[in-house]
Amino acid sequence: MQFQDNFFWGAASAAYQVEGAYQADGKGQNIWDAYCQEGCRVAHGENGNVACDHYHLFRQDVEMMKKMGIRYYRFSINWTRILPDGTGPVNEKGLQFYSDLVDALLENGITPMITLFHWDYPLALHQRGGWMNADSSDWFAAYTKIVVDALSDRVQYWMTINEPQVFIGVGYCTGRFAPFETHQPKDLARISHNVFLAHGKAVQTIRQYAKTKPCIGFAYATPCWTPEDTTPDAIEAARQKSFRVDRDNFTFSAAWWADPILLGDYPQEAYDVLGADMADIQPGDLEIISQPIDFYGANIYESKAVPTPYGYAENAYIGCPRTQMDWPVTPEALYWGPKFLYERYGKPILISENGMASHDWVQLDGKVHDPQRIDYMKRYLREVYRCIQDGTEIMGYMYWSILDNFEWADGYDKRFGLVHVDYRTQQRTIKDSGYFYRDVIQSNGAAIFQDTLKTY
Ligand code: GCO
């Protein structure tokens, strides 16, 4: 059994999590740069100042991707490497880095996929009100044009925004991620609306200025519940829960973030539960926001569940397998999530992130044996295959992440990579899962159907 011939096999990263060089060559400060210096925001007081030094080591990293047979590399642009203050003069050295990265990828037969925003918001713009400022969508559109002018002759695949559920929900609602703020529903609705406008104006900008035919989407966080069993009632219950909007957690809702873009308006439930706290929607806003896009990028790691301080959330049970993030292993999330999203929105699905953190280290034989990650990938990819066979259009799979990297407030303890990084020496070691992924790609998926573990 194999996937379709044009299935995208790739891996992903994000600028702040891998690049380092946080002050190099004219780069400006973003909110993660600034807040991490406080030392109390991230495990062990860690930060992304150096990270994996991808900024200086990207050529060897690209060669490693080629060795692993990676065909697509999803990476993000650090806004303040391009515009140190978020607007104003362009930092040509910053643009040059991304141009060199794109060239290195293409020289190695790897297709670049760009995420324009992956949480590293310019500090100077944050200090001008950030996403609360009515000009924020224009700031983002202007930044987008600079990147499109510089790279769209060689880049076709674009994702505007990565996981607003998280950077808004955790950065401006629960306050655990930069800028570590906690806002009320009215502000969160206003921030969300400005993020939507930024997405829409970026899509317009890419369509207007791209030098090659663009394929545009976004990358959204884990969105769907999975049914308790396969009875029609259980499936409908999971579907309803997956697209519900409630007042207390609306910034984590799938429908809140996707309906305006893909269905042309906020879900009615959003108007119902937010009432006067709903964003101030100006004439023309919804038309900008619902600019046609080409795919729905879904970052799916586990079945959606309501966290619980004790007992078990819906996606867990006594002694269930868990990753190093303590996330339950729920492969069925990559069947039901894409299925429910495709039913509702009718857009091809890109699995823009999936992967697991595990307790990896370089072992006495000099290798990194990670059988759990291999088993995880087999189980999740079998569900992707099953979902495709059932009629859902899934474009591809971007493993998160190519490298061990900075896992936000968890720092560097959590290792998601196909490649191990010793942060003291920047030594890379391809893990067994990296060689397994090479087999998967070379066999166009057939390797995931072997139950026995191959040693590398
Ligand atoms: C996310 C982000 C990534 C994370 C990854 C593991 O989905 O939260 O896109 O930056 O590092 O998902 O949590």
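Every number for a ligand or one of its atoms is a count from 1 in the order of the listing.
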Discussion item. Could you work out, with ring-ring contact (aromatic ring centres under 6.0 Å, His included) as the rule, every residue matching Trp158, not counting sequence neighbours?
Written reply: none
Worksheet item: When the ring planes of Trp256 and Phe250 are compared, do they come out parallel, tilted or perpendicular, using 30° and 60° as the limits?
Response: perpendicular
Show me, pair by pair, the donor-acceptor contacts under 3.5 angstrom made by side chains of residues 166-182, not counting sequence neighbours?
from, atom 1, to, atom 2, distance (Å)
Thr174, OG1, Gly169, O, 3.3
Thr174, OG1, Val170, O, 3.4
Glu181, OE1, His183, NE2, 2.6

Practice prompt. Assess the pair Trp9 and Tyr399: is the distance between their ring centroids shorter than 6.0 Å?
Written response: no
Worksheet item: Any donor-acceptor pair under 3.5 Å linking the side chain of Gln204 with the backbone of Ile288?
Response: no
Worksheet, complete the sentence: Residues with a heavy atom under 4.0 Å from ligand 1, by chain and number, are Gln17, His118, Trp119, Asn162, Glu163, Asn299, Tyr301, Trp327, Glu353, Trp400, Glu407, Trp408, Phe416
Would you list the atom pairs, donor with acceptor, under 3.5 Å between side chains in residues 94-106 and any protein atom, with sequence neighbours excluded?
from, atom 1, to, atom 2, distance (Å)
Gln96, NE2, Asp100, OD1, 2.8
Tyr98, OH, Glu19, OE1, 3.2
Tyr98, OH, Glu19, OE2, 2.6
Tyr98, OH, Asn78, N, 2.9
Ser99, OG, Arg154, NH1, 2.9
Ser99, OG, Arg154, NH2, 3.1
Asp103, OD1, Arg154, NH1, 2.8
Asp103, OD2, Arg154, NH1, 3.4

